[in-house]
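Below is one structure, written out as structure tokens; the observations come after it.
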Amino acid sequence: MTVIKVDNVSKVYKLGGPSHNSLRDALASFVRSPLSRGARESIDALKSVSFDVSEGETLGIIGNNGAGKSTLLKILSRITKPSAGEIELRGRVGSLLEVGTGFHSELSGRENIFLNGAILGMKRAEIEQKFDEIVAFSEIGKFLDTAVKHYSSGMYMRLAFAVAAHLEPEILIVDEVLAVGDMAFQKKCLRKMRDIGETGRTVLFVSHDMQSIGRLCSRVIWLKDGEIVLDGETNEVISAYRTEQSETGSERIWSEGSKRPGNDLAKLSAVRVLDKNGVPASAIDIREPLFIEMEYEILSGEKVVVPNIHLYNDFGVCVFVSHDWQSEWRTKPRPRGTYVSRMKIPGNFLAEGAFLVTVAASTYTPMEVHFVVRDAVLFHVVDSIDGETARGDYAGVLPGIVRPILEWETEILNS
Amino acid sequence: MQEITIIKPETSRFQIGLKDLWIYRELLYFMTLRDLKIRYKQTAIGVFWAILQPVLTTAIFTAIFTSIARFESITVPYPLFALSGILIWLYVNTSITMASNSLVGNANLVTKIYFPRLIVPLAATLSGLLDLLIGVFLLVLLMLWYGAAFSAQMLLAPVFIGLGVILATAIGTFFAAVNVKFRDVKFALPFALQIWMFLSPVFYPLEILSEKWRLVFAFNPLTGILLGFRSSMFGTPYDWFAIGISAAFTLILLMFGFFVFKKMENDFADLI
């Protein structure tokens, strides 16, 4: 069932021109030209955006700053009205555009739970019923009756999220909430959000953090300049977005011969990241294999040339170095010509995140490097939360460079 | 039955949105409670300000007016007369000031979350009622001290306090909305309120004016409220003509205040 129906929604903001922030300005401009209402510059924050969201769907919204994400959320949460178009929402809407909205620093934790709950649209009886749960989730314990201005920022955030997390709306709209708080808190938030998604409620989630989006959302909308660029399955959209964003893409081609990296023995002409179907891709599901392909030209058949690939993760840690050790030219010089070498990385091997690929071709005896291109291509491994990957039911941030599925055995010794 | 929300561009049709206000009535309660609780936080003498302000003002007016002027028409001791006027005035004055700052002061709420915006200035005017009730209690004590007569008319006092709340709400919501766009309110309002006090029978009886001017003063909505409140407290005859005009004018102001507020409401989040 469709629970959110956005139909041709546009929003125009008037900029500059006569905005009259003081009465004097308003009067002065009226005196100058009583008939004209002034030419106003305007920007289209949203241009005829349409999409539907079904019940139980977790939809991510991505895009650069100024793409219209916040405007869309503000319209959906009824803070501002659209200039044109219509939206239909089925069920209670809870929006978390900022955790802790409406907290008052002079009031105690207890008082703020009730105030914030009411602001978020909870009934008093409902808050009373969930009060103990909220307090337990927030872990503020004995500080419950202390004014929140004496709280540490961590306690403040925990309490604020605790209230919001127990709102239980049919539609939850969340904006960047997870960008704050410590790691442990973020894990808790993510888990709670996943729980919300799993109970059949609809979640709209805006974030800059592609990893959280990848973990939580089944579908993603990419906004750019107020328009939907792409609306589809998470990996596909993140992949397209990443490719546009980074200077380093998933494919790099050197078409002009003179600019190709290399010496008079070997020259590189292309590097690509391919998915399991051999199609260039920049976001790969953690369960699926991927290929890194390098295309190069051997200009003289005098030496043994070994292509090799160095993989680095987000933090600059080298994950591995791999040589082409299988081909027949591992020990003998190869004839002139254009070659393609393809390395397969199995599924359920790399951890999630961004990976940078350095490619090189070398001769080992004596040691000689013919070309080396650092950070030639980039790709992302996406780990979705559906219980079928190595992360199992754990929704938080999972450290580690690799994330293989390993065998476990558990036996009961006595009972 | 699931609730269905339709979000559309603003229409020209004017609605106060009473249904929405009703749905969010508990928020009004909590916001009022919040404004009450934080009012005297971090002050040394706390809620005693609610007593100190009217008492000191009454003392000053008494000192001035019992030495330089005699108001023949006043049937009760002057301090009682002055205090009764000052209580109403302080309530209206404080509530309008608080309400006019309420939206700007709660900008983080207005830009981050949806709720009927009217709740913000309403909570500001309602939270001032506690001070007024403390003041009325003080007035009753002072009446006992002076041995003033008590009559059944006192039961009508809440009606005039109610009119005072409506008047403060009307003007408060108007300025709350205007203040979002024109911050001039911050400077103009205290000045206008001061003039209004002098033009209202707060510390002088209406009888010092000529017939003609009394009629003009009746159009000041505060006049009827002051007259009615005093007649109720002191058991003197009601001037129903002045009270009627004031009440009607107060209601017109309320509609006007709500109308302006609703007209500007849609732009609050974008302007604030």
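Below, chains carry the letters A, B, ... as their sequence lines are ordered, and counting in each starts from 1.
- By the 6.0 Å contact criterion, NZ on K5(A) is open, its count of non-hydrogen atoms from other residues, nucleotides or ligands being 12 or less.
- With a 6.0 Å radius and a threshold of 12 heavy atoms from other residues, nucleotides or ligands, W196(B) has its CH2 atom above the threshold.
- Considering CD1 of I119(A) and NZ of K112(B), their distance stands at 14.0 Å, rounded to 0.5 Å.
- Checking each of K123(A), M122(A), E126(A) against E26(B) for a side-chain contact (heavy atoms from CB on, under 4.5 Å) leaves exactly one that passes, namely K123(A).
- Enclosure of atom NZ in K186(B) is not indicated, since only 12 or fewer non-hydrogen atoms of other residues, nucleotides or ligands lie within 6.0 angstrom.
- Heavy-atom pairs under 4.5 Å with chain A were tallied for L28(B), T111(B), I23(B); the largest tally goes to T111(B).
- Both the backbone and the side chain of E106(A) come within less than 4.5 Å of a heavy atom in chain B.
- With values rounded to the nearest 0.5 angstrom, I87(A) atom CD1 is found 10.0 Å from I6(B) atom CD1.
- Considering only heavy atoms from C-beta on, L115(A) comes within 4.5 Å of M31(B) through its side chain.
- Of the two parts of R117(B), only the side chain, counted from C-beta on, holds a non-hydrogen atom closer than 4.5 Å to a non-hydrogen atom of chain A.
- Atom NE2 of H104(A) is separated from atom CG of L109(B) by 10.0 Å, given to the nearest 0.5 angstrom.
- In this structure, I7(B) CD1 and S77(A) OG are separated by 8.0 Å, a value rounded to the nearest 0.5 Å.
- Summarising the geometry, atom CZ belonging to R78(A) is positioned 5.5 Å from atom CG belonging to D20(B); distances are rounded to the nearest 0.5 Å.
- Note that the CG atom of N266(B) and the OG1 atom of T80(A) stand 7.5 Å from one another [nearest 0.5 Å].
- Ranked by heavy-atom pairs under 4.5 Å with chain B, the first of V93(A), L107(A), L120(A), N112(A) is L107(A).
- A 4.5 Å side-chain heavy-atom check between S83(A) and P9(B) finds every atom pair outside the cut-off.
- In this structure, the portion of L76(A) lying under 4.5 Å from any heavy atom of chain B is its backbone and not its side chain.
- Heavy-atom distances place no part of F268(B) under 4.5 Å from chain A, backbone and side chain included.
- Only the backbone of V110(B) has a heavy atom closer than 4.5 Å to any heavy atom of chain A.
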